[in-house]
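In listed order, ligands and their atoms are each counted from 1.
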Amino acid sequence: MVPEPLSSTTRVIADPGAELAEAFASLWVAVTRDGGAVGFPADAPEADIRALAARTVDDVRAGTLSMLVAGESSRLLGVVFLRPGAGPVVAHRAEMIRLMVRPDARGTGLATMLIDAAIRLAGDLGLDQLLASARGGTGLPGFYAARGWTEVGCFPAALRVGDELRDEHWLQFRIR
Ligand SMILES: CC(C)(COP(=O)(O)OP(=O)(O)OC[C@H]1O[C@@H](n2cnc3c(N)ncnc32)[C@H](O)[C@@H]1OP(=O)(O)O)[C@@H](O)C(=O)NCCC(=O)NCCS
């Protein structure tokens with residue numbers, strides 16, 4: 001399939017409807033099966049992925065997560081979420097989590113656009129910094145570093161991916 005052009009826009013979704021919730025769950029399953037580093041090993045049961053997707057959507061509806069999407073509910077291309085710190089000493093920052101782009105829409109700048117939109121949203125929310133974690137043994141820490149993020153820590157053997165233990169790399173983006 002021809003990759004989606006760079007002109008796709010990103011949107012913040014405060015109240016995901018049923019169609020978008022289904023599209024997000026299907027996206028997460030497809031990205032996981034493709035070997036993506038988003039919380040599951042590639043052979044994770046589909047029901048487990050869909051259950052966590054449903055809880056994630058509930059958190060968006062409850063206002064504890066912000067959801068940014070690229071594409072439409074009828075053809076969701078990518079997502080990312082912000083989880084602002086809960087409590088006074090971490091209220092100036094958020095975690096950026098679950099960045100994923102459809103396998104057949106990659107390489108056209110969608111993830112970069114979603115990250116830029118997340119940084120803009122965080123700035124609008126008055127946040128000072130973002131944190132993201134990336135699975136060791138992948139090119140992902142370098143992917144973030146190439147976009148201006150700084151690696152600030154590595155948690156050895158923190159992730160169990162199937163039978164393998166992987167390091168977890170932490171990256172920070174300072175907004176102000
Ligand atoms: C990582 C991911 C979000 C990038 O999406 P994308 O829309 O293709 O990214 P962009 O088009 O903005 O950027 C493409 C660039 O990123 C690089 N890149 C993409 N995935 C990468 C990876 N896993 N490791 C290292 N570099 C990667 C490409 O090589 C390309 O590099 P270039 O600009 O030098 O040509 C996408 O590959 C994905 O969904 N992967 C599975 C889920 C995942 O692992 N998410 C990361 C959670 S931390």
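Pairing each heavy atom of Ala134 with each of Leu171, the nearest pair is CB-CD1, 4.0 Å.
Between Ala37 and ligand 1, an N or O atom pair is found at a separation short of 3.5 Å. Residue-to-ligand polar distances keep Ala134 apart from ligand 1: every N/O pair is separated by 3.5 Å or more. An N or O contact shorter than 3.5 Å links Val101 to ligand 1 by distance. Of the N or O atoms in Ala111, one or more lie within a sub-3.5 Å distance of an N or O in ligand 1. Taking distance alone, with nitrogen or oxygen atoms compared against 3.5 Å, Thr112 approaches ligand 1 more closely than that limit.
Side-chain atoms of Phe173 and Ile119, non-hydrogen and from C-beta on, do get closer than 4.5 Å to each other.
Within ligand 1, counting atoms from 1 as listed, the ones closer than 4.0 Å to a heavy atom of Val31 are 41 (C), 42 (C). Every atom of ligand 1 is numbered from 1 in the order shown, and the set under 4.0 Å from a heavy atom of Gly109 is 10 (P), 11 (O), 12 (O). Close contacts between ligand 1 and Leu140 involve ligand atoms 1 (C), 22 (C), 23 (N), 24 (N), 44 (O), 46 (C) [criterion: under 4.0 Å to a heavy atom].
Counting only heavy atoms of the protein, atom 26 (N) of ligand 1 lies nearest to Phe143 CB, 4.0 Å. Shortest contact from atom 31 (O) of ligand 1 to any protein heavy atom: Arg147 NH2, 4.7 Å. Distance from atom 37 (O) of ligand 1 to its nearest protein heavy atom, with residue and atom name: Arg106 CD, 3.2 Å.
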Taking it one step at a time, do Trp149 and Phe143 satisfy ring-ring contact (aromatic ring centres under 6.0 Å, His included)? CA-CA 9 Å; Trp149 294 62; Phe143 169 81; 9.6 Å; no
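A donor-acceptor pair under 3.5 Å is absent between the side-chain atoms of Thr10 and the main chain of Leu114, judged by distance alone.
A salt bridge links Arg106 with Asp34: the distance from a Lys NZ or Arg NE/NH1/NH2 to an Asp or Glu carboxylate oxygen falls below 4.0 Å.
For atom 45 (N) of ligand 1, a protein heavy-atom neighbour is present inside the 4.0 Å cut-off. Under the 4.0 Å distance rule, the nearest protein heavy atom to atom 9 (O) of ligand 1 falls inside the cut-off. Note that atom 29 (O) of ligand 1 has no protein non-hydrogen atoms nearby, at separations under 4.0 angstrom.
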